[in-house]
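Below, read A as the first sequence line, B as the second, and so on, with proteins coming before strands; counting in each chain starts at 1.
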Amino acid sequence: MIKQLSESIGVSGYEKQVRDKIKSELQDCVELKTDKLGNLIALSNKGKDKPTIVISAHMDEPGLIITDITDDGYLKFDIIGDIAPDTLLSQRVIIGDIIGIISFKAIHLTTREERKKQVKTSDLLIDIGADTKHEAKAHVHVGDLCSFDTKFCEVGENGIKGKALGSRICCSVLIHILKQAANLDLNLTGIFTVQREVSSRGAYTAFDSVNKANLAILTDCVSCDENIKCGGGAVLGLSIDSNRYATEYAQGFGVKIQLAKTDKCERDVLLEKRYDMPIIQIAIPCKYKNTAVNIADKNDINAMSELIFKLVRSVENGTFI
Amino acid sequence: MNNKKYKYDSSRAGELVPLIKTLTELRGVSSAEGEVSVRLKEILNEICDRCEIQKNGNVLGFISAHKNAKTIMLEAHIDRIGLMVTKICDDGLIKFTNIGGVDERILTSAEVTILGREDVYGVICKVKSNDMRIDTGFSAEKLADKIKVGDMVIINSVFTQLLGDKLSCAAMDNRAGIASILSALKRINRANLKYNIVVLLSVQEELGLHGAYTGAESQTPDAAIVVDVTHGTTYDTKEEVGVFPLGSGAAICRGPNFDYEYTVNLMELCDSFAIPYTIEAASGPSGTSAWATQISGGGIPSMLLSIPLRYMHTNVETLDIKDVDAVAELIAHSLKGGLKLD
């Protein structure tokens, strides 16, 4: 399922294809609603007297947006989300039903100064093979969204690679848990958010339908660095507030985890809105998160899934308060 | 002799596109061209009277005309640029160097295949500001069974059709050149050939034209037509010299590397038959096998036809199929006697 979701397209601002795929997976198991921003909310209610848990995952991925079409039929663009511009050279992008190539001057024609310059988005254009603006306009419009053309596959010993891995792994884990909702004796709300990559816009409205919960688990993706390793287990986000109890509780399960400080994410939006629920952040570590090709470790996915499931069980049987 | 003017027939794309796709899928990094030599000999065997593979992997094909006929050589290099494993680090990341002039700007987050005992997939990552490694997801122990220092690496690409007649893929340099020669050979009438033809598909061009020097030295044709790629116009090179719009046809090169009169002959041939072309001027080495053929085999008067190519030496080299066709057509007309060898 991660493969199908990773190869689906859902650039921040238009996540429809991914949302539809998730809906088709869940429509027979739980009640589904879509809010005005496109957030998908999955509900399994077992009664007011039962404990409530909310789990979220974001559906969107970084990509490009067409900002202009030149007279020669090339496309100017801006980046949506966090992508390093220097990794864009020679990438292939999907725009609707055509392919484009990020265009640049052949190296033989560049000067040493030009090669030393930091690559800026404003220096790059997309080549779709059109010779004129007129020809290009027959196939694309300003405002069209582009996603990277990265195929999913397994790599190395336990790895997987694809685009949008972080978000689609989290969505898959959440889908997996929601599919077992019938067997769980609590109120389970799954929230698939939009626009996490653009300042977590979706999070501002996605949780409004949940008044109160015993626990909110926000899933996300974090980049690997010296402290966070692929294969090091699920990442538990450290926060500096009253949710510390929840985070410490999660460490008691014996699942392989690594701790990390995380900032500027959906958790911050929820804290700002002061919902009445303890928040815990569980993330999947991904290599090369800000490029078109991400790598994740299957063992970390299992650890994340196991950790979330154990937390769900704890809330269900009342051991987590 | 056929006097029909040239008009690009889009049905020709039906032959050229699959041919180019097949050729770009072959590996064959410079000095490791083995599988390419074998495959090309198979293809040439269907067209030529006789074929051979030389010690270094050069492929030669011979087509005889009649006893006193002069001989034209058609040359294209078969190797492609790539990378090579230089060290497998303890953490499983792999150090590498380049084979030929790889455009390093495209390497970050490029997907590659290491051609070891088995193919191993990898992604290129940056470890410090300018230091790159290949990450395969395997540990050093696991890698020891699969790859070794010195293994070649190719940069993955997807054969893509863009709008118009444009194609994009790795190794268009110079598999597209080979395709134009093979296509030209299908357009001539074997029954009444004017010239003997020697096809030299050479190795190690990207390292210094090595196969072209040795291959041409072993033959003594009366003239050579070399096919390679030249730069294709992009939005930021419109005013530059030596860059040609995609779709503008064959780029005929003039300058001291080439036979002055034969080259003018080619231009007139294009004018007569309405074959689209542009002219490139090179004041010194053309950067192609023609520099080698010119002084080999006792001295071979040389000509160069180039296919305009965007993003040269990357995995998204982009050309217009009409230009490949124009080169093939010009070669065919030359072989039929349009090129007058004295």
Report the distance from atom [atom1] of [X] to atom [atom2] of [Y], rounding to the nearest 0.5 Å.
X	Y	atom1	atom2	result
A/His108	B/Thr230	NE2	OG1	9.5 Å
A/Asn158	B/Phe138	CG	CZ	9.5 Å
B/Thr233	A/Lys105	OG1	NZ	12.0 Å
A/Glu114	B/Asp236	CD	CG	8.0 Å
B/Leu163	A/Glu135	CG	CD	5.5 Å
B/Thr318	A/Ile101	OG1	CD1	4.0 Å

Using heavy-atom distances under 4.5 Å, tell me whether [X] contacts chain A through its side chain, its backbone, both, or neither.
X	result
B/Val120	neither
B/Lys146	neither
B/Glu240	side chain

**Request:** Report, by ascending residue number, the residues of residues 105-113 of chain B in heavy-atom contact with chain A at a distance under 4.5 Å; give 'none' if the set is empty.
**Result:**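 Within residues 105-113 of chain B, the residues under 4.5 Å from chain A are B/Arg105, B/Ile106, B/Thr108, B/Ser109, B/Glu111.
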Step through the shown structure and confirm whether more than 12 heavy atoms of other residues, nucleotides or ligands are within 6.0 Å of [atom1] on [X].
X	atom1	answer
B/Lys21	NZ	no
A/Lys133	NZ	yes
B/Arg117	CZ	no
B/Asp9	CG	yes
A/Lys261	NZ	no
A/Tyr14	OH	no
A/Gln118	CD	no

Under 4.5 Å from any heavy atom of chain B - which part of [X]:
X	result
A/Phe104	both
A/Asp123	backbone
A/Leu109	both

**Asked** Which atoms form the tightest heavy-atom contact between A/Ile99 and B/Leu162, and what is the distance?
**Response**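 Heavy atoms of A/Ile99 and B/Leu162 come nearest at O-CD2, 3.2 Å.
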Got [X] and [Y] here, is their nearest side-chain heavy-atom distance under 4.5 Å?
X	Y	answer
B/Lys166	A/Asp131	yes
B/Tyr235	A/Thr70	no
B/Ser139	A/Glu157	yes

Greatest number of heavy atom pairs closer than 4.5 Å to chain A - which of [options]:
options	answer
B/Gly137, B/Gly242, B/Gly164	B/Gly137
B/Gln161, B/Lys142, B/His231, B/Met312	B/His231
B/Thr237, B/Thr136, B/Thr314, B/Thr160	B/Thr160
B/Glu104, B/Lys238, B/Glu317	B/Lys238

**Asked** Top residue by heavy-atom pair count (under 4.5 Å) with chain B, among A/Gly159, A/Ser90, A/Gly73, A/Ala106?
**Response**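 Maximum pair count with chain B is reached by A/Ser90.
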**Item:** Choice from A/Ala138, A/Ala130, A/Ser103 maximising heavy atom contacts with chain B below 4.5 Å
**Value:**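 Looking at each of A/Ala138, A/Ala130, A/Ser103 in turn, A/Ser103 comes out on top.
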**Prompt:** Do B/Lys126 and A/Asp86 meet the salt-bridge criterion of a basic N to acidic O distance under 4.0 Å?
**Reply:**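 A salt bridge links A/Asp86 with B/Lys126.
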